[in-house]
Structure formats: C-alpha cells, structure tokens
S.K.: 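Sharing a structure with you now.
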Amino acid sequence: MNKLQIVLSGIVRNNPTFVLMLGMCPTLGTTTSAINGAGMGAATMAVLILSNAVISLVKNIIPSKVRIPAYIVIIAAFVTVVELCMRAYLPDLYRTLGVFIPLIVVNCIILGRAEGFAAKNGVLASALDGVGIGLGFTLSLTVIGAVREAFGSGSVFGQIFISGDGMLIFVLAPGAFLVLGYLMVLFNKLTAKMKS
Amino acid sequence: MEYILIIISAILVNNVVFAQFLGICPFLGVSGKVSTSMGMGAAVVFVITIAAVVVYLLQYYVLVPLGIDYMQTIVFILVIAALVQMVEIVLKKVSPALYQALGIFLPLITTNCAVLGVAILLVQKQYNLLQSVTFAFSTAVGFALALVIFAGIRERLELDDVPQAFRGTPIALITAGILAMAFMGFSGLV
C-alpha cells in the first residue's frame with residue numbers, strides 16, 4: 001500500500017464514523033455547529049497522529065501482555081498535552097467541547113488504530129494512517145455539524161445565510177441522533193449505488 | 001431536597017445517554033435484547049458507583065494535595081481500568097451468582113466513556129463525597145433506564161420491515177432521536 005492510499009482509505013473506505021462506526025459519543029455530543037465539529041475532529045486527529053507514531057516506535061519494547069495499558073498511558077499523555085494546549089490557546093472552544101476533550105482517551109478509534117495498525121507498521125505509515133483516519137473523522141464531524149447548524153440556526157461556520165430562528169431541535173440533543181441517522185442512510189444509499 | 005434534585009436531574013432531565021451523549025457505544029451495541037441490556041445496566045450501576053468513591057478519594061486526598069491534578073486524565077483511566085479488573089476478580093470469588101450475571105459485561109465497561117465522564121464531571125461540579133455517590137448512582141440508573149427502554153423498542157423493530165438503507169445503526173439512531181425528544185419533556189422538572 002503506498003503512502004497516499006493509506007491516507008485516502010481512512011477518509012472513505014475506513015471512514016471512522018460512517019463505516020467503522022467508532023467514536024460515537026463525541027460525534028453526537030460536539031457537533032452542534034460546523035466549527036465545534038471541526039475542532040473536536042482536529043483535537044482527535046492530533047492525538048491520533050502522535051499516539052500512532054509513538055506506539056509504532058515503541059512497539060518492539062513493550063511486552064505483549066501489558067501492551068493495552070501501555071498504549072492507554074501513551075494516549076492519555078497526549079490527550080493531556082492537547083487538553084492543556086487547548087485550554088491555553090483556544091479557551092472558548094475548550095469550554096464548548098468540555099468533558100469530551102479528556103474523553104478522547106476512551107475514544108475507541110484511537111485504541112483501535114493503535115492495536116490494529118500502529119502495532120504492525122512503521123512510524124511513517126502509522127503517522128499517515130493517523131492523518132487519514134483523523135481527516136475522515138474531522139470531515140464527518142464537520143459535515144454533521146454543518147447540517148445541524150444549517151437547519152438549527154440558518155448558518156454554516158457562523159456565516160448566516162437565512163436570518164431568523166432556525167429549527168432549534170437540530171441543535172438540541174435529539175437532532176444529533178436524527179441527523180447522524182439520516183446521514184448514515186444517505187451514505188448507505190450512495191455506497192450501495194457505487195457498488196452496483 | 002438537594003439530593004432529590006441531583007437524582008431527578010441525573011436520571012431524567014440530564015439523562016446520560018439522551019442529553020449528554022456518554023456511553024453511546026454500549027447503548028447501541030448491547031441493546032439487542034431486554035435481558036442482556038438489564039445485565040449491562042446493572043453492571044454499569046455497580047461499577048460507576050464504586051468508581052465515583054475511588055475517584056473522589058483519589059482526587060481530593062492524592063492529586064490535589066500533591067498539586068498534580070493535571071494528571072487527572074491519565075490517573076483516572078488507569079484506576080478505572082484496574083478497578084474493573086478488581087471488581088471482576090472479587091466478584092468471581094465472593095458472589096459467583098452475581099459474576100455469572102454481570103461477568104461478560106464487566107470488561108466492556110473499561111471503554112465505556114460514561115464511567116470516565118462521570119468521574120470527570122463530579123470533579124468539575126465540585127460535589128462532596130455523598131453528592132458524588134448520589135450523582136454517580138443516579139446517572140448510572142439513567143443509563144440503565146435508557147438502555148432497557150431502547151432494547152424494548154429494538155426487539156419490536158426486529159420484526160418490522162425496515163427499508164434496506166435504514167437497517168441496523170441508522171434506524172437505531174433515528175429511534176434514539178425520537179426517544180431523546182421524549183426525554184426533553186422532562187426538562188422543566190428541575
């Protein structure tokens with residue numbers, strides 16, 4: 001598999017949200033607007049790239065019996081780094097995303113890629129896998145956020161295109177489930193059409 | 001009165017699944033049958049309540065006095081993972097019947113973000129020990145409630161003729177969305 005393929009497969013064929021269906025909590029919880037979704041995606045991507053690269057570096061040193069706790073410590077360390085950076089430089093985004101930033105630790109995408117990819121591949125390939133999966137996750141979150149923001153408040157990325165009150169339900173909790181559900185239906189329809 | 005407010009708020013108004021989006025993976029994954037969802041719900045109630053006590057003591061008697069509360073995330077996740085293992089071992093010895101009922105669900109709970117989420121929230125909300133336990137217990141009961149209701153609906157959904165593209169997760173998510181709308185009706189309570 002060449003380098004470009006690794007990146008691309010994370011975006012479409014192994015899309016973490018629509019195909020692998022991993023990391024549902026932040027997907028539903030933080031996508032109230034396009035910018036929040038993108039921010040959450042970027043934070044997850046940063047952790048994913050760093051942890052994939054480091055785990056790939058140390059994979060031969062760690063005894064296989066204690067590898068999962070070791071991976072979790074590495075991931076948790078990077079989550080703490082990202083958390084502190086966001087608190088310092090992006091305090092507003094940090095407040096909106098709230099508890100979901102420390103919860104990146106238990107995002108199954110990250111441990112899944114550590115175990116499934118980084119533990120078997122070289123440093124560069126693992127980092128690129130992190131870029132691909134991270135981009136796929138960020139893209140999905142941004143799309144979900146954009147749809148919810150468009151219906152809920154008539155704007156995308158804060159750019160208002162219909163003024164007045166939107167359908168508030170899309171920004172509230174039920175909207176998260178509904179939008180993700182219907183987007184998945186759309187994704188299934190499109191991929192089924194591409195296959196046939 | 002304060003405790004009743006915490007209980008009602010955690011179970012109904014700020015339901016962990018429908019309002020806070022924590023523990024979605026087991027919510028979608030283990031909600032196929034009512035009986036298994038009850039087992040999972042009970043296991044979560046058990047683990048979250050114990051985890052709340054341990055995390056509270058750790059935060060206020062170890063991390064804060066040592067001035068290393070920025071290590072919160074790393075310490076909490078490790079302690080929760082160890083705790084789940086320990087609960088499993090102790091349960092196996094002390095109460096084999098309970099272990100039979102909850103055993104298979106316990107390893108799944110380590111990656112349940114509701115456990116870590118509740119641990120972080122109770123520190124954020126600056127609850128005291130009794131409030132923390134009440135909050136953790138009722139949040140877990142809210143999770144169990146959501147899970148059992150959802151499993152009941154999904155059992156019926158199995159028998160329905162769902163369009164091809166909607167099968168599996170999409171229809172489950174849309175159902176959860178409608179349930180979340182129902183739970184929004186509680187928002188005036190507290």
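Proteins come first, then strands; the chains are lettered A, B, ... in the order of their sequence lines, and each starts at number 1. Side chains are part of it too, since the values below use all heavy atoms of this structure and drop only hydrogens, waters and symmetry mates.
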S.K.: For M71(B), does the CE atom sit with more than 12 other heavy atoms under 6.0 Å from it, leaving out its own atoms?
M.R.: no
S.K.: Which region of A192(A), side chain (C-beta onward) or backbone (N, CA, C, O), has a non-hydrogen atom less than 4.5 Å from a non-hydrogen atom of chain B, or is it both or neither?
M.R.: neither
S.K.: I need the F78(A) CZ to I74(B) CD1 distance, nearest 0.5 Å.
M.R.: 10.5 Å
S.K.: Is it the side chain or the backbone of L116(B) that comes within 4.5 Å of chain A heavy atoms, both, or neither?
M.R.: both
S.K.: For residues V34(B) and V17(B): do they belong to one hydrophobic cluster (side chain heavy atoms under 4.5 Å, members Ile, Leu, Val, Met, Phe, Trp, Tyr)?
M.R.: no
S.K.: So what's closer than 4.5 Å to chain A heavy atoms on M184(B): side chain, backbone, both or neither?
M.R.: side chain
S.K.: Identify which part of I169(A) has an atom lying under 4.5 Å from any heavy atom of chain B, answering side chain, backbone, both or neither.
M.R.: side chain
S.K.: Tabulate, in ascending numerical order, the residues of residues 25-49 of chain A having at least one heavy atom closer than 4.5 Å to a heavy atom of chain B, or enter 'none'.
M.R.: C25(A), L28(A), G29(A)
S.K.: Any chain of hydrophobic side-chain contacts (each under 4.5 Å) joining I55(A) to V81(A)?
M.R.: no
S.K.: Does anything in residues 163-175 of chain B get under 4.5 Å of chain A by heavy atoms, and if so which residues?
M.R.: A165(B), F166(B), T169(B), P170(B), L173(B), I174(B)
S.K.: Please say whether more than 12 non-hydrogen atoms of neighbouring residues, nucleotides or ligands are located less than 6.0 Å from NZ in K125(B).
M.R.: yes
S.K.: My understanding is that only residues two or more places apart in sequence, or in another chain, count here; which of them pass side-chain hydrogen bond (donor to acceptor under 3.5 Å, both in side chains) with Y71(A)?
M.R.: none
S.K.: Which bit of A19(B) is near chain A, if near means a heavy-atom gap under 4.5 Å: side chain, backbone, both or neither?
M.R.: backbone
S.K.: Taking the side chain as every heavy atom from C-beta outward, state whether Q72(B) and P102(A) have any atom pair closer than 4.5 Å.
M.R.: no
S.K.: The test is side chain to side chain contact (heavy atoms under 4.5 Å, CB included); show your working for M21(A) and L28(B) and say whether it passes.
M.R.: CA-CA 10 Å; M21(A) 298 189 196; L28(B) 292 174; over 6 Å; no
S.K.: Starting from L50(A), can I reach Y89(A) by hopping between I/L/V/M/F/W/Y residues whose side chains sit under 4.5 Å apart?
M.R.: no
S.K.: Count I, L, V, M, F, W, Y as connected when their side-chain heavy atoms are under 4.5 Å apart, and connections chain through other members. Are Y3(B) and F186(B) then in the same cluster?
M.R.: no
S.K.: Residue by residue, scan residues 177-190 of chain A and write down, ordered by number, those that have a heavy-atom distance under 4.5 Å to chain B; if none do, write 'none'.
M.R.: F177(A), L178(A), L180(A), G181(A), Y182(A), M184(A), V185(A), N188(A), K189(A)
S.K.: Please determine whether residues L63(B) and L84(A) belong to a single hydrophobic cluster, defined as Ile, Leu, Val, Met, Phe, Trp and Tyr linked transitively by side-chain heavy-atom distances below 4.5 Å.
M.R.: no
S.K.: Atom CZ of residue position F151(A) - does it have more than 12 heavy atoms of other residues, nucleotides or ligands inside 6.0 Å?
M.R.: no
S.K.: Could you walk me through whether I77(B) and V79(A) pass side chain to side chain contact (heavy atoms under 4.5 Å, CB included), step by step?
M.R.: CA-CA 12 Å; I77(B) 186 71; V79(A) 169; over 6 Å; no
S.K.: If I take atom CD1 from residue I72(A) and atom OG1 from residue T73(B), how far apart are they, to the nearest 0.5 angstrom?
M.R.: 13.0 Å
